[in-house]
Novice: 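Provided herewith is a single structure, encoded as structure tokens, for subsequent inquiry.
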Amino acid sequence: DAGITQSPRYKITETGRQVTLMCHQTWSHSYMFWYRQDLGHGLRLIYYSAAADITDKGEVPDGYVVSRSKTENFPLTLESATRSQTSVYFCASSEREEGTYEQYFGPGTRLTVT
Amino acid sequence: KNEVEQSPQNLTAQEGEFITINCSYSVGISALHWLQQHPGGGIVSLFMLSSGKKKHGRLIATINIQEKHSSLHITASHPRDSAVYICAVRIQGAQKLVFGQGTRLTINP
């Protein structure tokens, strides 16, 4: 299907486990982003990528790892999940980051760390 | 102080009312986005503005760059407009969007 997809949509994991959230887009957009959304904080940028093999930290990168070996995929890994990482995670993509290009958001992944 | 402030945080109105949601920002920007998020749902881009005014159906977005202020208006509001509306700005020279806290809108029939 065309667009931007995330998997899984819901995930429950235990503290200390490694978890990978997947993001896939079919538009060949250069830029991809990972955000987390928490009550009282709104959306916050975790990591972003300008192109394959180019990634950079956002506002809240600690505890997360990203990679981008292919333009269409941007997985987010929690190496050792903590309860504070319980959140809703949104992936987004845009054609270009500079200028006035829109970001398109995935449906979100609701992650619970117990 | 947040770089992007929205008001009000919560808004309840009756069907048919004219709705205004405000967004103020304190930095130079290259663009401003209005996003909509339904309960339990994803995030949809409504408008992207760098100047002036845009209209899509019953939704109107305006921006005043000099005053660092934007408004989102909904005419003839309907219960299906109930959602969280989020303002986000792209800071000049920076590589990220900065988001407001969102405005939770409830339209009662």
Side-chain angles (χ1 to χ4, degrees), chain A residues 1 3-7 9-10 21 23-25 27 29-51 54-61 66 87-110 112, chain B residues 1-10 21 23-25 27-54 56 59 61 63 65 70 83-104:
Chain A
D1 290 347
I4 182 165
T5 57
Q6 293 182 234
S7 62
R9 294 293 313 279
Y10 303 90
L21 309 184
C23 179
H24 175 78
Q25 53 102 356
W27 294 303
H29 283 171
S30 298
Y31 282 84
M32 297 186 75
F33 308 83
W34 273 108
Y35 299 96
R36 59 178 291 174
Q37 186 179 39
D38 306 289
L39 282 175
H41 288 282
L43 282 154
R44 292 181 291 174
L45 181 65
I46 304 171
Y47 268 97
Y48 67 98
S49 168
I54 300 174
T55 62
D56 208 347
K57 295 178 181 179
E59 185 182 353
V60 288
V66 293
S87 186
V88 180
Y89 291 85
F90 287 95
C91 178
S93 71
S94 71
E95 187 176 2
R96 282 173 52 184
E97 206 282 338
E98 289 91 15
T100 55
Y101 282 84
E102 290 198 45
Q103 285 193 16
Y104 298 89
F105 289 81
T109 294
R110 185 175 295 275
T112 302
Chain B
K1 190 180 192 300
N2 293 335
E3 292 167 308
V4 182
E5 296 276 356
Q6 286 185 238
S7 63
Q9 290 187 357
N10 293 283
I21 299 171
C23 176
S24 296
Y25 52 92
V27 293
I29 68 170
S30 58
L32 182 143
H33 299 247
W34 281 104
L35 309 169
Q36 180 192 56
Q37 184 175 28
H38 282 285
I43 298 169
V44 175
S45 178
L46 296 175
F47 294 103
M48 183 174 57
L49 295 163
S50 55
S51 64
K53 174 180 174 179
K54 285 190 176 180
H56 184 250
L59 274 60
I63 187 168
I65 297 294
S70 175
V84 175
Y85 292 84
I86 303 168
C87 172
V89 301
R90 183 181 309 285
I91 298 175
Q92 281 179 338
Q95 298 195 10
K96 64 175 184 175
L97 286 179
V98 178
F99 296 83
Q101 296 277 23
T103 295
R104 184 174 300 276

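Here is how names work: the chains are called A, B, and so on, in the same order as the sequence lines, proteins then strands, and each is numbered from 1.
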Novice: Check the pair A/Met32, A/Tyr48 against side-chain contact (heavy atoms from CB on, under 4.5 Å), reporting the backbone distance first and the verdict last.
Specialist: CA-CA 6 Å; A/Met32 297 186 75; A/Tyr48 67 98; over 6 Å; no
Novice: For the side chain of A/Ser49 and the backbone of A/Ile54, is there at least one donor-acceptor N/O pair under 3.5 Å apart?
Specialist: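 Confirmed, A/Ser49 side chain pairs with A/Ile54 backbone.
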Novice: Tell me, for B/Leu35 versus chain A, whether the close heavy atoms (under 4.5 Å) come from the side chain, the backbone, both or neither.
Specialist: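 Just the side chain, heavy atoms under 4.5 Å.
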Novice: Measure distances from A/Tyr104 to the heavy atoms of chain B and classify the residue's part below 4.5 Å as side chain, backbone, both or neither.
Specialist: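 For A/Tyr104, there is no contact with chain B at all, as no heavy atom is under 4.5 Å.
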Novice: Report the C-alpha distance between B/Glu5 and B/Gln101 in whole Å, list the side-chain angles of each, state the deciding distance to 0.1 Å, and finish with yes or no for side-chain hydrogen bond (donor to acceptor under 3.5 Å, both in side chains).
Specialist: CA-CA 7 Å; B/Glu5 296 276 356; B/Gln101 296 277 23; over 6 Å; no
Novice: Less than 4.5 Å to any heavy atom of chain A: does that hold for the side chain of B/Gln37, its backbone, both, or neither?
Specialist: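 Side chain of B/Gln37 only, per the 4.5 Å heavy-atom cut-off to chain A.
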Novice: To the closest 0.5 Å, what do you measure between CD (B/Gln92) and CD1 (B/Ile29)?
Specialist: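 Rounded to the nearest 0.5 Å, the CD-CD1 separation comes out at 8.0 Å.
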Novice: Does any backbone or side-chain atom of A/Gln6 lie under 4.5 Å from a heavy atom of chain B? Answer side chain, backbone, both or neither.
Specialist: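 Neither part.
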